[in-house]
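Everything numeric here is computed off the predicted structure, so don't read it as measured data. Because only heavy atoms are used, hydrogens play no part in the values below, and waters and symmetry mates are left out as well, while side chains stay in. Numbering of ligands and ligand atoms starts at 1, following listing order. Numbering of residues begins at 1 and proceeds along the displayed sequence.
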Amino acid sequence: MSAAERPDDAVMAAFRDAPGFMPEHEGLALFRAAVSAAPVGPLIEIGSYCGRSTLLLGAAAARAGTHVVTIDHHRGSEEHQPGWAFHDPSLMDPDLDALDTLPVFRRVIATSGLEEHVVAVVAPAQVVARYWQHPAGMVFIDGSHTEESAQRDYDSWVPHIAVDGILAIHDVYPDPGEGGQAPLHIYQRALAEDRFDELAPTGSLRLLRRRQPA
Ligand code: MG
């Protein structure tokens with residue numbers, strides 16, 4: 001893979017060290033899509049968690065002189081809560097007895113040298129969307145995977161994707177035995193809208209480019 005197709009070694013090292021759920025091959029596909037989307041407009045990430053994918057979007061944004069705006073309430077999704085499969089006790093704030101992924105997120109981004117290209121917004125994504133007015137080069141949906149949240153993220157953010165911009169959706173599993181179906185459902189919703197062209201998938205990552213209106 002040529003240098004143009006992957007972030008520099010410092011970013012890749014930070015990516016590999018960062019807590020999170022994005023496999024490297026899917027992350028690199030996301031990065032390449034983001035490189036093509038960043039000249040169109042800023043990159044929006046829904047679901048920052050500890051910044052693992054944010055690093056790749058930040059590296060793509062840096063190449064185009066733009067930003068990734070990454071949105072998360074930083075209290076974790078359902079599956080991150082105590083007693084659930086993806087709970088990490090080290091991410092608990094003991095005084096509040098609540099998850100807080102923001103301190104780790106900040107450290108991950110700081111070690112990558114990408115801070116000036118990463119804008120972290122601490123809020124539910126639909127609240128931020130209410131005030132957002134700028135056409136986006138990419139919307140990457142990787143937040144809570146409940147049906148209600150995934151549909152709400154779609155409602156809130158997909159209308160902001162610019163022509164030629166990319167909708168990226170993580171954790172799309174056609175086989176229900178492999179994972180929850182909400183990301184698949186919003187992917188199918190995007191296909192049914194007939195405003196997007198499908199790009200090649202990688203693992204559970206799906207990519208769609210918004211067409212010129214006919
Ligand atoms: Mg994910």
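A distance of 11.0 Å separates CG of Leu114 from NE2 of His67, quoted to the nearest 0.5 Å.
Gln81 places a side-chain N or O within donor-acceptor distance of the main-chain N or O of Gly76, the cut-off being under 3.5 Å.
Ring-centre distance between Tyr154 and His185: not below the 6.0 Å cut-off.
The salt bridge (charged side-chain N to carboxylate O under 4.0 Å, His left out) search around Arg16 returns Glu24, not counting sequence neighbours.
Listed by chain and residue number, the protein N/O/S atoms under 2.8 Å of the Mg ion (ligand 1) are Asp142 OD1, His170 ND1, Asp171 OD2, with waters left out.
Under a hydrophobic-cluster definition in which Ile, Leu, Val, Met, Phe, Trp and Tyr are linked whenever side-chain heavy atoms come within less than 4.5 Å, directly or via other members, Leu56 and Ile109 are assigned to the same cluster.
Seen from the ring of Phe31, Arg6 does not count as a face-on cation partner, given the 6.0 Å and 45° thresholds.
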